[in-house]
Amino acid sequence: MKSIVFIEKNPVTGKLRNVSIELTYKAYSLSKPLKGEVIGVFAGDALPEDTDRLFQYGLDRLLYFTDERLKHLHSIAYKHILKAMIKSEEPDIVLFGATHTGRDIAPLIASSLKTGLTADCTQLYVEDYKDKGKILFQVRPAFGGNILATIITPDNRPMMASVREGVMLLPEKHPNHPVKMESFPVDFNESWIKSEFLSVVPKVKKVDFNSAQTIVSGGAGVGSADNFRLIRELANALGGEVGASRAAVDFGFVDKDHQIGQTGSVVRPKLYIACGISGQIQHRAGMEESQKIIAINKDPEAPIFKIAHMGVVGDVNEIIPVMLRYLKEEG
Amino acid sequence: MKKIVVLAKQVPDTANVTGDAMKADGTVNRAALPAIFNPDDLYALEMALAIRDKIGGEVVVITMGPPKAAEILKHSLYMGADRVMLITDRKFAAADTLATSYVLAETIKKIGGVDLVLAGRQAIDGDTAQVGPQVADKIGFNQITYVSALREFNDNYLIVERDGEVQTEVIKSSYPVLLTITGQANTPRYPNCRRMLQYFRADVKENFNDSELSAAESNDWIIPTYALADLDLDEDRCGLKGSPTKVHKIKSIMLKGGDLKMYGTKPTNIKQLVRDITKVYVEVN
Ligand SMILES: Cc1cc2nc3c(=O)[nH]c(=O)nc-3n(C[C@H](O)[C@H](O)[C@H](O)COP(=O)(O)OP(=O)(O)OC[C@H]3O[C@@H](n4cnc5c(N)ncnc54)[C@H](O)[C@@H]3O)c2cc1C
């Protein structure tokens, strides 16, 4: 079971995107038991600064092609180059991060290879299937998160899947492979460059869920943008990050960057405090893997209590100030 | 003057899915759900209309789906589309993104002379965001995904903003090009009253009886449908047959219900809650 992972660089930091490391390790856990190789494919203007990290998470080899003309996402050029790399290896599995870059290129490649691509998988495993031998089982939420579908690509190769950042976990202990890089020859065709990038402005990133151990999230139940200050204070007091439900974002209590869920970020903190959030399926899709979930909600029937470990039935705007007071005392 | 194609989809309102909406084979029983115009596709349609209104041309809205999907085409006519096409055939059923993009791409080729294809970023039933790019691949157009604003356009090129997740990109492209549009791009217009009066009877041909048919024809009420044979499609590349991905299993999501510890709202209870939180907090940090 040979796997290929699309390696992506964050164009703002020049470093690897976390999802590339997460998927490298995932590919390693899928391929290793079957003695398969894990190969990274990278195209861009220059390699990510921390490329070596991939080898610490199970990468066997990296194929790369660098060229100044690939500074920006020229989809068609990326398609041709990555497709050539994939074809040269004839892998069974190809994984892409479901980033705005991965979701731009992966479908082009799947279309051009005439194979299946399953978006936003939350679980991937390899098992025997009928007379087809070992294939990839791809589990994904569908239908607005109301169902979990297991998708297979039994008759085509490669079997392609995309996964969002933060979904696959990294282990504490991991393999340490020697660094092995191979420059991949590409006969660059100028006609692949079809867009002109006039300017690029980095987004100011206000939220960092990746390194947050604690997330305090507010929902519609918080009541107003003014009350939302309490959510921030509680997050501050616990050294955590501020999250939100879509309703809180839609009401303008807080910026969209904070949204957690199916159409926001997927988070897995150790502590998740949901304040005035009902816990609809689309929200849960982004947070239910958190280690400890605490719910504060005035409705005892709110679905959030079904997945919570600790709960208080009450008004967030009365309870949080008391919590803040005791937190200060406990210091 | 530009010939613009909008790819649209009628989707089940996923906020209201119930158990009997799934068929035994794991595919969706769309008939059991309220159906709506896929939200992102409305932004694509609005962008198409805005471009046409300024530099002229034609907006053709195409959708692949069951006859009922004619509803969104009717809505497109209300909003100002010049032409609509319903691509419908039982043989298209259960298509994955590869098979869907094949049918749409062939339709675009059949229309001919298309300069610009606009699609929504993704559909709320599958959330794959794959059909747009897969069509671009098959028709050989340039593509720009996650378009969050249209800055400038004329007969020779357009300039858009792309939401590149960590950065905003300002991109210029000449035609032909395919764009996928996000909800930031614009505010879709309301249906136009005059056009609503003109098209409120619009429907597929089979829904008119013989006595109504001539009136329907002369009033331009018939929403044209195209089947596999009309588009000279390769049956092996359509529907379930042409789909490399198969649904293996479907599971409804059930809430687990766990080891929930409840606290009262008295200060002492909250104090205990804070203690316990701090304990978890110390454990985990
Ligand atoms: C395609 C799609 C994608 C979506 N994506 C997301 C997503 O990514 N993230 C997301 O969060 N949602 C998403 N949603 C929306 C989701 O379905 C819910 O509407 C949303 O999560 C509800 O947010 P909420 O819990 O804050 O609001 P509500 O459901 O309105 O719940 C508010 C809760 O607050 C409680 N409450 C009210 N007042 C108080 C008070 N004073 N003190 C304590 N509790 C109080 C109420 O009892 C209630 O449980 C999506 C929906 C769709 C259709």
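Below, each value reflects all heavy atoms present in this structure, side chains not excepted, and no hydrogens, waters or symmetry copies. Throughout, a chain's letter reflects where its sequence line sits, starting with A, and its residues are numbered from 1.
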For [X] against [Y], the heavy-atom pair lying closest together:
X: Ser173(B); Y: Ser195(A); result: CB-OG, 4.5 Å
X: Asp137(B); Y: Ser112(A); result: OD2-N, 3.3 Å
X: Ile250(B); Y: Ala149(A); result: CD1-CB, 3.7 Å
X: Arg103(A); Y: Asp127(B); result: NH2-O, 3.0 Å
X: Pro133(B); Y: Asp104(A); result: CB-O, 4.0 Å
X: Gly116(A); Y: Thr245(B); result: CA-CG2, 3.5 Å

As an exercise: rank [options] by heavy-atom pairs under 4.5 Å with chain B and give me the winner.
options: Gln138(A), Met159(A), Arg140(A); answer: Arg140(A)
options: Ile151(A), Ile76(A), Ile296(A), Asp155(A); answer: Ile151(A)
options: Ile152(A), Val322(A), Thr153(A); answer: Ile152(A)
options: Pro202(A), Gly314(A), Ala295(A); answer: Pro202(A)

Does any heavy atom of chain A fall under 4.5 Å from the side chain of [X], the backbone, both, or neither of them?
X: Arg162(B); answer: side chain
X: Tyr146(B); answer: side chain
X: Gln122(B); answer: side chain
X: Asp163(B); answer: both
X: Leu98(B); answer: side chain
X: Val274(B); answer: side chain

Subject >> No-hydrogen, no-angle side-chain donor-acceptor test under 3.5 Å, Ser111(A) and Lys138(B) >> reply: yes

Original post:
How far apart are the C-alpha atoms of Tyr129(A) and His248(B), what are their side-chain angles, what is the distance that settles it, and do they pass the side-chain contact (heavy atoms from CB on, under 4.5 Å) test?
Top reply: CA-CA 10 Å; Tyr129(A) 178 71; His248(B) 172 62; 3.8 Å; yes

Original post:
So do Phe197(A) and Val170(B) actually touch side chain to side chain, heavy atoms under 4.5 Å?
Top reply: no

Original post:
Which bit of Ile273(A) is near chain B, if near means a heavy-atom gap under 4.5 Å: side chain, backbone, both or neither?
Top reply: side chain

**OP:** Identify which part of Lys79(A) has an atom lying under 4.5 Å from any heavy atom of chain B, answering side chain, backbone, both or neither.
**Re:** side chain

Original post:
Should Tyr157(B) and Glu196(A) be marked as a side-chain contact (heavy atoms from CB on, under 4.5 Å) after you check the CA-CA gap, both sets of side-chain angles, and the distance that decides it?
Top reply: CA-CA 11 Å; Tyr157(B) 62 83; Glu196(A) 187 183 340; over 6 Å; no

**OP:** Just do the side-chain contact (heavy atoms from CB on, under 4.5 Å) check on Leu273(B) and Met310(A) with the steps written out, would you?
**Re:** CA-CA 8 Å; Leu273(B) 172 70; Met310(A) 303 182 209; 4.2 Å; yes

Original post:
Hey, is the main chain of Leu117(A) close enough, under 3.5 Å, to the side chain of Gln130(B) for a donor-acceptor pair?
Top reply: yes

Original post:
Would Arg17(A) and Glu165(B) count as a side-chain contact (heavy atoms from CB on, under 4.5 Å) if you check the C-alpha gap in whole Å, the side-chain angles of each, and the deciding distance to 0.1 Å?
Top reply: CA-CA 12 Å; Arg17(A) 292 214 41 166; Glu165(B) 206 170 347; 3.3 Å; yes

**OP:** Working to the nearest 0.5 Å, report the span between OG1 of Thr265(B) and CG of Asp315(A).
**Re:** 10.0 Å

